[in-house]
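Below: the structure, in C-alpha cells.
Numbers here simply count residues along the sequence, with the first being 1. Computation of the quantities below employed the complete heavy-atom set of this structure, encompassing side-chain atoms and omitting hydrogens, waters and symmetry-equivalent molecules.
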Amino acid sequence: QVQLVESGGGLVQPGGSLRLSCAASGSIFSIYSLGWYRQAPGKQREVVVGALPGGRTHVADSVKGRFTISRDSAKNTVYLQMNSLKPEDTAKYYCHQPPANWGKGTLVTVSS
C-alpha cells in the first residue's frame, strides 16, 4: 500500500496562490499515477487534475489555466500549483492513486 500525505493548504485571499504537496511512500509505484481531487462542504468529491495512462492528465474545466500539476520523482512528491484562486476553490484537497487509495487531505480556504 502506498501512503499519501498532503500538505500546503491554508487560508488565502482571492487571487492568491498556493502550492500543495503530496508525498508518497511505500510499495513500488509511479508518481505519474497520482492525481488531485477536492471536496467542498456539502458537495461530492470531484477531480481537479486526474492521472491518465501514459503520464497524461485530465484537468477540470473549472481550474484550467489556473492549476498545474508537477512531479518530482526523486522526492516521490506530486505538487499542485494553484494560481488565481477563487472562493469557489475552497475545499479539502486530496491526493489520489487509482483505484481507491486516498490521502487524508489538506484544507484550502479562499476568502477575504
Checking N101 now: which residues fulfil side-chain contact (heavy atoms from CB on, under 4.5 Å) with it, not counting sequence neighbours? Q1, V2, L4, Q97
For residues 81-112, which residue pairs qualify under ring-ring contact (aromatic ring centres under 6.0 Å, His included), counting only residues two or more places apart or in two chains? Y37-H96, Y37-W102, H96-W102
Check: K92 main-chain N/O paired with Q39 side-chain donor or acceptor under 3.5 Å: no
How long is the straight-line distance from CG of D89 back to CG of L18, given to the nearest 0.5 Å? 10.0 Å
Expected output: side-chain S30 to main-chain Y32 donor-acceptor under 3.5 Å: yes
Establish whether W36 and V12 are linked, either directly or via other cluster members, by ILVMFWY side-chain heavy-atom contacts under 4.5 Å. yes
List in chain and number order the residues that pass salt bridge (charged side-chain N to carboxylate O under 4.0 Å, His left out) with R45, two or more places apart in sequence or in another chain; answer none if no residue qualifies. none
Listed pairs under 3.5 Å, donor-acceptor, residues 103-112 side chains, sequence neighbours left out:
from: T106; atom 1: OG1; to: G9; atom 2: N; distance (Å): 3.0

Just to verify, what does A60 make a side-chain contact (heavy atoms from CB on, under 4.5 Å) with, not counting sequence neighbours? S62, V63
dist L20:CG -> S7:OG (nearest 0.5 Å) comes out at 8.0 Å
To the nearest 0.5 Å, tell me how far S21 OG sits from Q81 CD. 10.0 Å
Decide whether D72 and T77 meet the rule of one side-chain donor and one side-chain acceptor closer than 3.5 Å. no
Enumerate the ring-ring contact (aromatic ring centres under 6.0 Å, His included) contacts for residues 52-89, please, sequence neighbours excluded, ordered by first and then second residue. none
If you round to the nearest 0.5 Å, how far is CE of M82 from OG1 of T68? 11.0 Å
Are V78 and V47 connected, step by step, through hydrophobic side chains (Ile, Leu, Val, Met, Phe, Trp, Tyr) whose heavy atoms are closer than 4.5 Å? no
Any side-chain heavy atom of P14 sitting closer than 4.5 Å to one from K86? no
Please check if L34 and V59 belong to a single hydrophobic cluster, counting links between Ile, Leu, Val, Met, Phe, Trp and Tyr side chain heavy atoms closer than 4.5 Å. yes
